Peer 1: 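Got a structure here, written out as structure tokens. Questions coming.
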Amino acid sequence: MTRRTSTKPFAPLLGVLIFVTSVAAAVTLDDLQKEIDAGKFDAAARQSQSYLDAHPGNRDARFLHARALAGQGHTDKAIAAYESLAADFPLRVEPANNLAVLHADQGEYDKARTWLEKALATQPAYATAHRNLGDVYTALAQLAYRKALGSDDSDKRLPLTMLDRLYYAQESVAPGSAPAPAPAKRPATPESDNKNKISDQDSRSIVQTIRAWALAWSSQDFDAYTDFYADEYDPGDGMSRAQWLSLRRARLGTPEDIHIRLEDPSITRLANGTVRVDFTQEYESPRYSDRVDKHMILVRKDAGWRILREASGKN
């Protein structure tokens, strides 16, 4: 006699597996993004985990899952998820930006600065992301300034912006699968008119840099202030860099309520990738105040724009 083995006990389990798989397959990245955009972080966390179960290691789903965790208030888990993404995709600005926001929310400003510098060292593909990174750095500098003034902001959160989407997601296509967009045509202009033109993105980055420099000076944060100067910075007057650093450390270390404001910055492109920034600088302290015209020569480095030379006057 042939013995028949019944499969009926396994039918419910098989049905559950098919159901779970179909649910995971039914969730799309667009669905996850809509949940994030709507602020439905609980649903986004569940659905993104289901999506990752069906698509292990998917970059976009990992980013959205980390964002959902952050939205739920699971900061440690979100940080771990973003750190993993940053390690796997070191040229992406979004994980580093969001790590800076999360660390700043916890009062870990040195870590926030480190992640911000890593983000600024990349090449942002979208102006929105670039502007947001500049806002993060400026906000951190402003906090340092408020702390220097003795303002009690211990219970206040920095007004930083968490990025909700991976900006390259819409460009993640295989080479050749979609035609490259044709470059926009521009009216012909004389070469002399174009050689000094500054892109809007560069202009924003340069202005953000000098404003953050002024805030670091106002806060008397020696490390942040001197970080804006290139290694080859020339102090002038025959002074060595070591002598200049010693002098600046002594002056910034003197307790005093100071504030520096910049007005009307204008930018001109020079040779060898450098730019000149002209502006009016207003300095205020209890003992002294002045208002001078000033200019700086800056160069782009891996960590952002850095100062090569500075002087007062229009020369």
Side-chain angles (χ1 to χ4, degrees), residues 63 86 89-101 104 112-142 158-173 180-216 224 227-230 262-279 294-310:
F63 180 85
F89 305 97
L91 297 181
R92 299 309 306 271
V93 301
E94 298 91 340
N97 173 81
N98 288 1
L99 279 164
V101 176
R113 184 188 300 277
T114 297
W115 280 111
L116 176 63
E117 289 174 349
K118 288 181 180 180
L120 288 173
T122 67
Q123 294 296 324
Y126 287 80
T128 301
H130 188 271
R131 287 195 300 270
N132 190 66
L133 289 169
D135 291 342
V136 169
Y137 196 90
T138 301
L140 290 173
Q142 288 173 337
L158 286 174
L160 307 186
T161 301
M162 181 81 74
L163 291 174
D164 289 337
R165 61 181 62 234
L166 203 62
Y167 284 82
Y168 283 167
Q170 302 303 319
E171 298 181 349
S172 300
V173 294
K185 294 183 179 180
R186 298 179 179 178
T189 55
E191 183 178 351
S192 59
D193 292 338
N194 286 329
K195 66 180 180 180
N196 291 331
K197 186 174 180 59
I198 305 290
S199 71
D200 290 343
Q201 180 171 309
D202 279 346
S203 179
R204 283 191 296 268
S205 180
I206 293 165
V207 171
Q208 288 163 354
T209 294
I210 64 170
R211 293 198 185 283
W213 162 84
L215 287 166
D227 185 57
F228 285 102
Y229 291 84
L262 309 182
E263 297 179 4
D264 303 323
S266 63
I267 307 169
T268 305
R269 186 176 297 281
L270 305 178
N272 302 322
T274 61
V275 297
R276 171 172 169 148
V277 186
D278 291 89
F279 55 90
K294 192 167 185 175
H295 73 264
M296 289 179 169
I297 307 299
L298 289 86
V299 64
R300 190 199 298 272
K301 299 288 187 178
D302 288 341
W305 291 94
R306 293 297 182 263
I307 303 167
L308 286 174
R309 293 186 300 279
E310 60 182 328

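What you see is a predicted model, and the numbers here were worked out from it, not measured in a lab. Positions are given from 1 along the sequence.
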Peer 1: Is it true that a side-chain atom of Thr209 and a backbone atom of Ser205 form a donor plus acceptor pair closer than 3.5 Å?
Peer 2: yes

Peer 1: Roughly how far, to the nearest 0.5 Å, is the OG atom of Ser203 from the CZ atom of Arg269?
Peer 2: 10.5 Å

Peer 1: Supply the atom-to-atom distance Lys294 NZ to Ile210 CD1, rounded to the nearest 0.5 angstrom.
Peer 2: 10.0 Å

Peer 1: With side chain to side chain contact (heavy atoms under 4.5 Å, CB included) as the criterion, how do Asn98 and Phe63 come out once you've worked through the C-alpha distance, each side chain's angles and the decisive distance to 0.1 Å?
Peer 2: CA-CA 10 Å; Asn98 288 1; Phe63 180 85; 3.7 Å; yes

Peer 1: Using side chain to side chain contact (heavy atoms under 4.5 Å, CB included), reason through Phe279 and Glu263 one step at a time and then give a plain yes or no.
Peer 2: CA-CA 6 Å; Phe279 55 90; Glu263 297 179 4; over 6 Å; no

Peer 1: Report the distance from atom CD of Glu310 to atom CH2 of Trp213, rounding to the nearest 0.5 Å.
Peer 2: 5.5 Å

Peer 1: So which heavy atom on Ala104 is nearest to which on Ala112, and how close?
Peer 2: N-CB, 4.0 Å

Peer 1: Would you give the length of the straight line joining atom NZ of Lys301 to atom CG of Leu308, rounded to the nearest 0.5 angstrom?
Peer 2: 6.5 Å

Peer 1: Check whether any side-chain heavy atom of Ile267 sits under 4.5 Å from a side-chain heavy atom of Leu298, and report yes or no.
Peer 2: no

Peer 1: Can you check whether Ile297 reaches Ile307 side chain to side chain, under 4.5 Å on heavy atoms?
Peer 2: no

Peer 1: Compare every heavy atom of Ala86 with every heavy atom of Trp115, then report the nearest pair and how far apart it is.
Peer 2: CZ3-CB, 3.7 Å

Peer 1: Roughly how far, to the nearest 0.5 Å, is the CG atom of Asn97 from the CG atom of Leu163?
Peer 2: 4.0 Å

Peer 1: Please evaluate residues Asp278 and Arg276 with respect to the criterion salt bridge (charged side-chain N to carboxylate O under 4.0 Å, His left out), reporting the C-alpha separation (whole Å), side-chain torsions for both, the decisive distance (0.1 Å), and the verdict.
Peer 2: CA-CA 7 Å; Asp278 291 89; Arg276 171 172 169 148; 3.0 Å; yes

Peer 1: Determine whether a donor-acceptor pair (N or O, by modelled atom type, separation under 3.5 Å) exists between the side chain of Arg300 and the backbone of Val275.
Peer 2: no

Peer 1: Just how far is it from atom CG of Leu215 to atom CG of Leu262, taken to the nearest 0.5 Å?
Peer 2: 8.0 Å

